[in-house]
2 protein chains.
Amino acid sequence: MDTRTAEHICDDIEIRIVNGDLVEGKPLPAERSLMEAYGASRTVIREVITALTAKGFLRSRPRFRPIVCRPDASTAMHAAGGVIKHLLASSQNVHDLYQVRVLCERMLVRDAAVGAQREDIQRLRQALDDNEQAIDDSARFYATDVAFHRQLYVISGNSAFPAIHQAFVEWLAPQWSQMPRSPERNRTNFLAHQAIFEAILSRDPDLAEKALISHLDSSWQFVSSTFFAEETP
Amino acid sequence: MDTRTAEHICDDIEIRIVNGDLVEGKPLPAERSLMEAYGASRTVIREVITALTAKGFLRSRPRFRPIVCRPDASTAMHAAGGVIKHLLASSQNVHDLYQVRVLCERMLVRDAAVGAQREDIQRLRQALDDNEQAIDDSARFYATDVAFHRQLYVISGNSAFPAIHQAFVEWLAPQWSQMPRSPERNRTNFLAHQAIFEAILSRDPDLAEKALISHLDSSWQFVSSTFFAEETP
DNA sequence: CTAACAATTATGGTCATACCAAACTTCGCA
DNA sequence: TGCGAAGTTTGGTATGACCATAATTGTTAG
């Protein structure tokens, strides 16, 4: 026999969460109830709870009952984030991750240029307008910047991409969100966004990709010169 | 004061792992040693261990000391996998994930067509040859198939992409690795790989992308008709 | 009767101790 | 020197207890 009682209970609860037996948003039964239900000691139950929490199936605050979380693509990314944040201590890994983002967005803008629907264009234009309105408010500009790029992921119609975008934003936030910003810099970025939008509007994937690369490369130059200036290549 | 002693110890051990204080591949100190070291009870230490295991910083078999794992991009993907595997119970999510893979590979082959070096081409050709040699051995064909696609990720020169490829393979394995296979089907796939290779060789990104899309779409058709045939659209 | 407050209970966080079985070490014997 | 048995270490689990805080209930004042 396998000696891991906890694993079995863990798997069972996972299943009960995904199939809706344990309702998302509601608290897990009390530890002492689960003891009885599974005929295990509290030690084991608590081990199960910590494991499920780390896996993203529960969200537990210190002195409260753990809340059931039916995991989605977003929580999957979040689970990976626990490791990723350590990897990003190396600027090489930051660069690699950023390049992954660039690759995704290059393809996304190409596809958007070819296949974006009228509503997609409309939402993108709205995001662009919001971006322009925020040029003089750097905090808001950052938010609308993120939102504009997010729209590129939404257009794909693939539910995984918004989650991926969210992951990129969270993981790269330590550098990007704390960049020194200015209305001039914001205007530059807005114009880059506008160029991407125009290229999509004119149904030109090559131009859209080129505009995107130019924008993201410039952004990388700015970030890397700010944060990784002293590192030896 | 914060009531979560375990979290502090957890963070501390994480740091000691990433900075090399705790050596990768070596076993963690015994639970009873950690008790003394941190002045905590065994309950807390065990909680820390289970959490770190779920996070991917330790790899623990039932009755053995946990092995220290300095996490890399691959283990990050693996951590996400615990959630992903549940999501992939829905064929919609399988499709979405597959489309993410398709998008990545489309861009990768485009870039390969533009920028692949001589050694890249050589390795890709080698992978293609291996693939051809394995047409009559379906098990080996699957391995060489994976290896060929992997090469597309390697060419990028970005250390994150091989890990992403590994993740795609693992997550989609339940469907793909158990597909009914035949030498005829293998030959079809080999020819598709060859077409992709030729397009890269002729430095034609549009053609390479087209060949890839054709290949992966056909593969999806085959898989979805096998596994998701009876589902109502 | 209701609302604010106090007492009680439920529950999570932590600790100490104990027992077992499997893994590891040691040591003596061949 | 090599090997196997006995003893020790260590992880897996259980039990019971204590504390602090959240949730609940009961009580009282307005």
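Note that the structure is predicted; figures quoted are calculated from it, not measured. Throughout, a chain's letter reflects where its sequence line sits, starting with A, and its residues are numbered from 1. Reckoned from all heavy atoms, side chains included, excluding hydrogens, waters and symmetry mates.
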Quiz item: Think A/R63 has a side-chain N or O under 4.0 angstrom from the OP1 or OP2 of D/dA20?
Solution: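 The answer is no; no side-chain N or O of A/R63 sits under 4.0 Å from OP1 or OP2.
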
Quiz item: Taking only side-chain nitrogens and oxygens of B/T5, does any of them come within less than 4.0 Å of OP1 or OP2 of C/dT14?
Solution: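 Result: yes.
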
Exercise. Could you work out which one of C/dT11, D/dT13, D/dG11 sits closest to the side chain of A/S41?
Key: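 When the side chain of A/S41 is considered, D/dT13 is the closest of C/dT11, D/dT13, D/dG11.
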
Quiz prompt | Partners passing ring-ring contact (aromatic ring centres under 6.0 Å, His included) against B/F148 (at least two apart in sequence or in another chain) | solution =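 Once residues adjacent in sequence are excluded, the partners of B/F148 under the ring-ring contact (aromatic ring centres under 6.0 Å, His included) criterion are B/H193.
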
Quiz item: NA contact type, A/R46, heavy-atom cut-off 4.0 Å: base, sugar-phosphate, or nothing?
Solution: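 Since a base atom lies under 4.0 Å of A/R46, the category is base.
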
Quiz item: At under 4.0 Å between heavy atoms, what does B/R42 touch on the DNA or RNA strands: base, sugar-phosphate, or nothing?
Solution: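 Base contact.
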
Rounded to the nearest Å, what distance is computed from the [atom1] atom of residue [X] to the [atom2] atom of nucleotide [N]?
| X | N | atom1 | atom2 | result |
| --- | --- | --- | --- | --- |
| A/Y38 | D/dA14 | OH | C1' | 19 Å |
| B/E47 | D/dT13 | CD | P | 15 Å |
| A/E36 | C/dA10 | CD | P | 13 Å |

Lys/Arg N to Asp/Glu carboxylate O, [X] vs [Y], below 4.0 Å:
| X | Y | value |
| --- | --- | --- |
| A/R106 | B/D111 | yes |
| B/K85 | B/E170 | no |
| A/R65 | A/E31 | no |

